[in-house]
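Worksheet for the structure shown next.
These values consider heavy atoms only, across backbone and side chains, with no hydrogens, waters or symmetry-generated copies. What you are looking at is a predicted structure, and each value in this text was computed from that prediction instead of being measured.
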Number of protein chains: 2
Amino acid sequence: MARTPRNTLSPDLVIRSALVVMEAKGPDGFSLRGVAAELGVGPMALYTYFRNKDDLYDGIRDHLMGLMPPAPEGLPWPDQVRSVCRDLRILMLQHPCLAQLLASRPLSGNETARVAEGLLSVLRSAGFEPEIAARTHTTLFTYVLGATTWEIQMAQEQSDPDALRRLRASMESLSSRDFPTVIELAPELSRTTGGNTQFNYGLDLLLAGLTARTPS
Amino acid sequence: MARTPRNTLSPDLVIRSALVVMEAKGPDGFSLRGVAAELGVGPMALYTYFRNKDDLYDGIRDHLMGLMPPAPEGLPWPDQVRSVCRDLRILMLQHPCLAQLLASRPLSGNETARVAEGLLSVLRSAGFEPEIAARTHTTLFTYVLGATTWEIQMAQEQSDPDALRRLRASMESLSSRDFPTVIELAPELSRTTGGNTQFNYGLDLLLAGLTARTPS
DNA sequence: ACGTTGTACTATACACTGTACGTTAGGGAA
DNA sequence: TTCCCTAACGTACAGTGTATAGTACAACGT
């Protein structure tokens, strides 16, 4: 039996292969068997390094978070915050599966903590009390999560002709008496370009509210 | 063969059973076979009313959106906006699967359109230009989506003793030299009570930014 | 140099999934 | 009554995560 040599695998190698499979087949087509095949290994081999599929997900998430650049230094704190939020959005757009991984699994891991540390320390240095800093952090994080998840969702929809056709059909079927505003604004609402503008708009609203509460 | 009589099923009945299964077994344990069993029917019977599982998801989502109360009238617009956002959050908390359904499927259906119409018309009446109203709508919606998804996630985590133990372990393993702020604020960040406060904090930030841009 | 042991990987198997396909029976229309 | 349409059925398939048991290899103590 052509048994593969020992120690060809490692947690990191598994994670990288998992990422390859995930980006190739999409989060839905992702399977442990696919990862194992990518590695030329039996499906159960992965269980040496990860307790189960969710555990592997956590590994992938933390690995992706490791790609986040550090918070920039030497800028006014609102610009630092803006920068971190934009970087996270960009990373999520580059790796669409990250959105799902962030939304469906608890946060853990060193890289994830590193990112949190960056944003939190910016807020603390800006003079926010601990509790307010934590609340602000959560608000910013969840805004980026929701906004970017939605952006990815819209983009995928727009790229699937079948989904697009069905969406148009369901729009057409709306009574223009009952939903005048929705119909009036349908083009704006399903706009896929201008994602930057949309994201920055909401982020600036948050930052405007925040700077109005800047500690003395 | 004890064949069930004709026309015992209907799209609405299927959706209601699906909802029962979903709330009983959680979104992960949800399966078409489970729904069929709940209805006392073979798995393939569902395909008479829904093209596939995703189509059924859309039906459930729209059904849940039908539970949204209409936007209140006779209040200043910021209070109307606040009310709609809070109502959506509450609905998502009552039906945790809604968060997932909103994040992973495009919006369609009459009830979903009704909710959008409510918020959009409030914004238009407040004097926002069409494009700004649409952007604001998306911002508010995505904030509620992200914030409440996260809140649900935290709550589920807190209720699973195994997940909680592993989270604590991963917190302990963080170097207090590299992540002083995360460690200092760990209690605040993983706080599960005070979800109202957290949600309202972010919502108020957005509204503060918005009212600062109120059209003349 | 040689058993021994722990471990990295394999093989098999199970319960389960969504759904394609073909069949059958009940109710309404002619 | 006859016929047809269609709602619900049964069967089958490819695929899933993972429990369990087995196997061969590397390192180690003697």
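The interatomic distance linking Arg51(B) (CZ) with dG18(C) (P) rounds to 17 Å, in whole Å. The interatomic distance linking Leu32(A) (CG) with dT17(C) (P) rounds to 18 Å, in whole Å. Rounded to whole Å, the distance from OH on Tyr57(A) to P on dG17(D) is 7 Å. Between the NZ atom of Lys25(A) and the P atom of dA14(D) there is a distance of 16 Å, rounded to whole Å. Distance Phe30(B) CZ to dT17(C) C1': 12 Å, rounded to the nearest Å. Regarding Tyr47(A), its OH atom lies at a distance of 7 Å from the P atom of dA19(D), rounded to whole Å. Rounded to whole angstrom, the span from the CE atom of Met44(B) across to the P atom of dA25(C) amounts to 19 Å. Straight-line distance from the CG atom of Asp55(A) to the P atom of dG17(D): 14 Å, rounded to whole Å.
For dC9(C), one of the phosphate oxygens OP1 or OP2 lies less than 4.0 angstrom from a side-chain nitrogen or oxygen of Tyr49(A). Between Thr48(A) and dA8(C) there is no side-chain polar atom (N or O) within less than 4.0 angstrom of OP1 or OP2.
Using a 4.0 Å heavy-atom cutoff across all strands shown, Phe50(A) reaches no nucleic acid atom at all. Backbone-only contact: Ala45(B) has heavy atoms under 4.0 Å from sugar-phosphate atoms and none from a base.
Inspection of the Gln153(B) and Ser104(A) side chains reveals no N or O donor paired with an N or O acceptor under 3.5 Å. With hydrogens and angles left out, the side-chain atoms of Glu38(A) and Ser17(A) include no donor and acceptor closer than 3.5 Å. Side chains of Arg166(B) and Ser108(A): no donor on one and acceptor on the other come within 3.5 Å.
Under 3.5 Å, the side chain of Arg33(A) and the base of dG15(D) form no donor-acceptor pair of N or O atoms.
In this structure, the nucleotide among dT19(C), dT18(D), dT10(C) sitting nearest to the side chain of Pro43(A) is dT18(D).
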Residue pair Arg114(A), Glu111(A): steps toward the salt bridge (Lys or Arg N to Asp or Glu O under 4.0 Å) verdict | CA-CA 5 Å; Arg114(A) 208 201 75 230; Glu111(A) 297 302 330; 2.6 Å; yes
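Taking the six-membered ring where tryptophan is involved, the planes of Phe30(B) and Tyr57(B) are tilted, since the angle between them lies from 30° to 60°.
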